[in-house]
Amino acid sequence: MSGRRIAMVHPEMRIAGGAERVVLDFTEALQAAGHEVVIVTWHWAPAAFEGRLDRHAPRLVPAPRSRLGGADPRTLAALEGALADCTLVLAHNHPANAYVGLARVAARRLWYCEEPHRRLHARETSPGLVAALEAGRVDLDVPGHRELVAVLRRSRWKRRLSPHHRARRALDFAGVRGLDGVIANSRATAAQVRVLYGREAPVFFPQVEIPPALPPPAPAGGARRVLVMGGFGAAKGFGGLLAGYARHAQGQGGTVLEVVGGGAERAAFEARCASLGLAERVRFHGRLSEAALAAVRGRCHAFAALPIDEPFGLVFAEAAAAGLVVLASDHGGPREIVLDGEAGLLADPFDAGSVAAAFDRLAALDAASIQRLRERAYAAARERFDRATLAPRLLAVIDALPGAG
């Protein structure tokens with residue numbers, strides 16, 4: 001079926017993050033397949049996207065104002081007007097999912113769930129953290145862990161004491177009930193959708209650019225260079241990664257971290273590396289252009305990140321496609337990307353010993369073992385994440401949902 005009129009609804013197209021990239025990937029692939037696709041949003045800031053937004057004309061809707069009783073009628077009415085001529089609506093991040101579910105329009109209304117809203121549903125979206133806490137495995141001296149625990153505690157008290165928080169959760173639940181279907185970006189996210197909303201969600205992974213053949217490995221000789229990306233916020237797990245890497249570096253070593261990314265926490269981590277004697281082993285590059293990032297990636301043999309309860313992790317899929325050996329968290333979307341450890345290395349981000357052992361294994365891999373992991377990861381990425389076949393596979397998932405006409 002061709003010629004559909006499709007709306008992508010996402011609250012904020014002003015930071016080029018993972019969800020925003022998914023919106024653009026879906027939009028551009030569906031447009032190339034002959035469908036008319038518009039982006040509906042409350043915030044539009046093209047400068048952050050390096051020209052990628054320039055050929056898209058958004059339909060702007062006023063951002064919801066905080067209300068204790070439910071949806072902002074001004075936003076809802078404007079959204080209904082923006083969607084009136086569409087046959088299919090695909091909502092992305094909260095509160096777009098809730099407002100689309102409440103909108104009175106003729107179009108099929110679906111939610112592509114990158115993850116349920118973490119601040120509204122902190123416990124349900126943190127199964128890995130909750131399990132580690134209950135097992136007594138969370139070291140509060142590791143940077144970021146204390147903040148993660150505090151978020152869970154605040155969430156518990158908000159549910160008990162804050163009418164505003166309860167009203168926002170109620171709005172989210174009501175909106176999701178009104179949707180015609182939900183699609184999840186991973187099995188981990190689908191499990192959270194089932195727990196929170198009682199809805200089944202088929203999985204359609206985010207897509208990345210897959211080269212036509214496995215890229216060549218980085219030059220051999222010397223230390224193994226490991227690309228680290230994903231950010232420095234508490235949920236990104238860099239504190240746990242660094243704690244384990246420090247143990248590895250005290251032993252056999254054998255690896256160097258090439259850390260890409262910016263943020264307010266970066267300076268503190270640079271200082272921490274200096275105090276641990278790792279200044280020469282952990283190299284911070286800051287934010288890089290795509291060309292500069294490609295150059296750094298080409299010099300690296302592996303990729304490592306250990307986010308906490310990451311629903312998917314585009315950076316892992318990109319690393320697999322680039323032919324890097326992947327070291328990932330032992331739960332959530334990253335585990336799925338490396339086929340439960342068949343196409344990469346896994347580590348417990350809350351256990352510095354587990355992280356150190358994973359780096360030790362990486363340093364000890366021989367050339368044949370590295371090649372086997374590279375081939376498995378690349379093949380799995382090409383089969384599941386290839387952007388070249390995005391449009392027909394996404395529409396096949398949509399059309400298989402109950403109620404599709």
Flag, side chain of [X] to backbone of [Y], donor-acceptor distance under 3.5 Å:
X	Y	result
Arg335	Asp330	yes
Gln31	Val37	yes
Arg247	Ala356	no
Arg4	Thr87	no
Arg5	Asp85	yes
Arg109	Gly101	yes
His145	Asp139	yes
Thr255	Ala363	no
Thr41	His43	yes
Arg21	Ala16	no

Within a strict 4.5 Å, meaning less than it, do heavy atoms of the [X] and [Y] side chains meet?
X	Y	result
Val338	Phe316	no
Val9	Val61	no
Asp54	Pro46	yes
Ile370	His301	no
Arg266	Phe269	no
Leu242	Leu278	yes
Arg137	Ser354	no
Leu293	Met229	yes

Is a side-chain donor-acceptor pair under 3.5 Å present for [Y] with [X]?
X	Y	result
Tyr197	Asp172	yes
Thr27	His56	no
Gln371	Arg374	yes
Ser369	Arg372	yes

In terms of ring plane angle, is the pair [X] and [Y] parallel, tilted or perpendicular, where the classes change at 30° and 60°?
X	Y	answer
Phe359	Tyr245	perpendicular
Tyr99	Trp42	perpendicular
His121	Phe173	tilted

NZ or CZ of Arg160 within 45° of Trp157 ring axis and under 6.0 Å: yes
More than 12 heavy atoms of other groups within 6.0 Å of [X] [atom1]:
X	atom1	result
Arg123	CZ	no
Arg119	CZ	no
Arg52	CZ	yes

Any carboxylate oxygen within less than 4.0 angstrom of a Lys/Arg side-chain nitrogen, looking at Asp180 and Arg108? no
CG-CG distance between Leu133 and Leu148, expressed to the nearest 0.5 angstrom: 9.0 Å
